[in-house]
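I have placed the structure first, in the form of structure tokens, so that the comments after it can refer back to it.
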Protein chains: 2
Amino acid sequence: MDRPDETGGGAGPTRGREATRARILASAKELFTNEGYGSVSSRKIAAHAGVNVALINRYFGAKRGLLTELLREDGVYPGLIVDGPRDQLTRRLAEHAVSRLHGEGTALQRALDDSAGDPDLRSVYQGRITSAMIEPLAAYLGGPEQRAHALLLASVLLGVARVRLVEGAGALCEMERETITRRVQDLLELCLKDFEDGDAA
Amino acid sequence: MDRPDETGGGAGPTRGREATRARILASAKELFTNEGYGSVSSRKIAAHAGVNVALINRYFGAKRGLLTELLREDGVYPGLIVDGPRDQLTRRLAEHAVSRLHGEGTALQRALDDSAGDPDLRSVYQGRITSAMIEPLAAYLGGPEQRAHALLLASVLLGVARVRLVEGAGALCEMERETITRRVQDLLELCLKDFEDGDAA
DNA sequence: GGTATATGTAAACACTGTTGACCTGTCAAA
DNA sequence: TTTGACAGGTCAACAGTGTTTACATATACC
């Protein structure tokens, strides 16, 4: 039952459960970053890690498990942007969105954004967006309409991300950064308005 | 060089270039509609159409060509919603978005929306969204900032569509339909504001 | 009739993710 | 020390995928 490996007690053995897991994960991270999820095969990851293909499924269940693990470690949609003063929430979110629009952030984040549409990853991202974006937002906002407000915020944030994939978002990136950030912020602010006042036109 | 088929001049022969093309396309449409793009294999389409697999690639280049053709025929993102009185543009777009949010529209449309993330289809949807959504919007809007405005509109529209895939959009669908439509319309309206006025708070 | 050409067929290719059977080395108990 | 158990690793195969190539066939024209 106990682990018989790490006999030397060293920091980095090249074999054994944890060492192999780590090497696979590191290879996956590097390859996904440079080539995207869909373009990297299990065998390629295994070869790069100097490890047998079957071990990927042994340790991560399936290829998708690698990405799940990377997301868990890296926190691609960090709840961090939610935390902070309430009156600056939309500003933080807008800056985050525009930053993503400009392709900033970790190379891995960019790669995973690009791979988000893969059918194999759909359930992964679905759960991730819900648990790391919509639910934290709803909890942070509070109130009876928290979920609707959170979904609207998510719509704008995801929409901006999506238009980058489709278009490169050239025209938006060419604008003064503060201008587009301000506009996104205004959109987010509008998402948060109460739903009572029907027709303010 | 000329077409030797359709010798009888009948309406529906079961062999020959056009007949085969049509049968493949009809099968693809039916299967994609019911099972989505990624879950339907080339062989399955061919079997359903009673046709050899190789003919798919002969007549449509590749599997993706089937979907390109279906999109071309069906006009999934019709420029129709753009046409109309200018002061009702956002209303039309909002109604369209909310309608999609509720999963209305053709079954095929719904299926293709769901398949939009497939890596194999990325270039197809990229071109389609650009040519059938962003460019018509930009042309319709006019002005020096037309492209930025069109991209912002697209962000909201695509974002609303995306949140449906992720969440089922339960909370948004449970709301009074007019309320959510109004809110989306307001968001779209805000997208169209000039970028000059920097800080209206 | 002969022949070029369009259409349809069968089989393979080069992949993919995944799995099951099989070694192998190390540790614990007898 | 011998035995047995078991975690860790290897290999080959499975069942799929999209796509292509070489071949057979039927049609239409000269």
Side-chain angles (χ1 to χ4, degrees), chain A residues 1-10 13-25 27-28 31-32 35-69 115 118-124, chain B residues 1-10 13-25 27-28 31-32 35-69 115 118-124:
Chain A
M1 292 296 184
D2 41 0
R3 286 169 289 151
D5 51 315
E6 296 179 40
T7 48
T14 54
R15 291 175 71 94
R17 183 180 181 85
E18 289 312 313
T20 311
R21 253 189 71 100
R23 291 176 54 186
I24 293 174
L25 215 47
S27 292
L31 292 172
F32 287 166
E35 311 178 29
Y37 178 84
S39 309
V40 179
S41 70
S42 302
R43 285 172 177 82
K44 192 168 189 172
I45 297 171
H48 187 274
V51 143
N52 194 282
V53 208
L55 294 181
I56 291 180
N57 289 53
R58 175 189 288 280
Y59 289 127
F60 298 94
K63 187 190 173 189
R64 132 174 12 93
L66 284 170
L67 197 126
T68 308
E69 191 63 22
S115 305
D118 197 298
D120 188 38
L121 301 180
R122 188 155 151 177
S123 65
V124 177
Chain B
M1 291 297 183
D2 42 0
R3 286 169 290 152
D5 51 314
E6 296 179 39
T7 48
T14 55
R15 290 175 73 95
R17 182 182 182 84
E18 289 311 314
T20 313
R21 253 189 72 102
R23 291 176 54 186
I24 293 174
L25 214 49
S27 292
L31 293 172
F32 288 165
E35 311 178 31
Y37 178 84
S39 310
V40 180
S41 70
S42 303
R43 283 172 178 81
K44 192 168 190 173
I45 298 170
H48 187 276
V51 143
N52 193 281
V53 208
L55 294 181
I56 291 180
N57 289 52
R58 173 188 291 281
Y59 289 128
F60 299 94
K63 187 189 173 190
R64 128 174 18 91
L66 284 170
L67 198 126
T68 308
E69 191 63 21
S115 305
D118 197 297
D120 187 38
L121 301 180
R122 187 155 151 177
S123 64
V124 176

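Keep in mind that the numbers below use all heavy atoms, side chains included, and drop hydrogens, waters and symmetry copies.
Atom P of nucleotide D:dA7 and atom CZ of A:R21 are separated by 16 Å, given to the nearest angstrom. Distance A:R64 CZ to C:dT16 P: 17 Å, rounded to the nearest Å. A:D118 has its CG atom 16 Å from the P atom of D:dT17, to the nearest Å. When the P atom of D:dT19 is taken as reference, atom CG of B:D120 falls 7 Å away, rounded to whole Å. Distance B:E18 CD to C:dA6 P: 14 Å, rounded to the nearest Å. If you measure from atom CZ of B:R58 to atom C1' of C:dG8, you get 7 Å, rounded to the nearest angstrom. If you take CG of A:L55 and C1' of C:dT19, they are 13 Å apart, rounded to a whole angstrom. For the pair A:L31 CG and C:dT16 C1', the computed distance is 16 Å after rounding to whole Å.
Which of C:dT16, C:dT9, C:dT19 sits closest to the side chain of A:S41 comes down to C:dT16. Nearest nucleotide to the A:R17 side chain, out of D:dG8, D:dG9, C:dT19: D:dG8. If you check D:dT19, C:dG8, D:dG9 against the side chain of B:T20, the one that comes closest is C:dG8. Between C:dG17, C:dT9, D:dG18, one nucleotide has an atom nearer to the side chain of B:S42 than all others, and that is D:dG18. Which of C:dT18, D:dG9, D:dT10 sits closest to the side chain of A:K63 comes down to C:dT18. When distances run from any side-chain atom of B:A54 to the nucleotides D:dC11, D:dG18, C:dT9, the shortest one goes to C:dT9.
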Can you give me the N/O atom pairs linking the protein to nucleotides 12-14 of chain C at distances under 3.5 Å, or say none if there are none?
from: C:dA12; atom 1: N6; to: B:R43; atom 2: NH2; distance (Å): 3.0

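With DNA chain C read from its 5' end, the first of the two nearest nucleotides for A:G38 and B:Y59 is the one closest to B:Y59.
Between B:P119 and the options A:S115, A:S39, A:P119, a side chain to side chain contact (heavy atoms under 4.5 Å, CB included) holds for only A:P119.
Taking only side-chain nitrogens and oxygens, A:N57 comes nearer than 4.0 Å to OP1 or OP2 of C:dT19.
Counting any heavy atom pair closer than 4.0 Å across all strands shown, A:F60 reaches no nucleic acid atom.
Between B:S123 and B:R64 the shortest heavy-atom distance is OG-CD, 4.2 Å. When all heavy atoms of B:I24 and B:I45 are compared, the closest pair comes out as O-CG2, 4.0 Å. Closest non-hydrogen pair, B:L31 versus B:H48, comes out as CD1-CB, 3.8 Å. Summarising the geometry of A:R23 relative to A:G50, their closest heavy-atom pair is NH2-O, 3.8 Å, with the distance given to 0.1 Å.
Residues B:T68 and B:F60 are not in side-chain contact: their nearest non-hydrogen atoms beyond the backbone lie 4.5 Å or more apart.
Note that CG of A:D120 is 3.5 Å distant from OH of A:Y37, once rounded to the nearest 0.5 Å.
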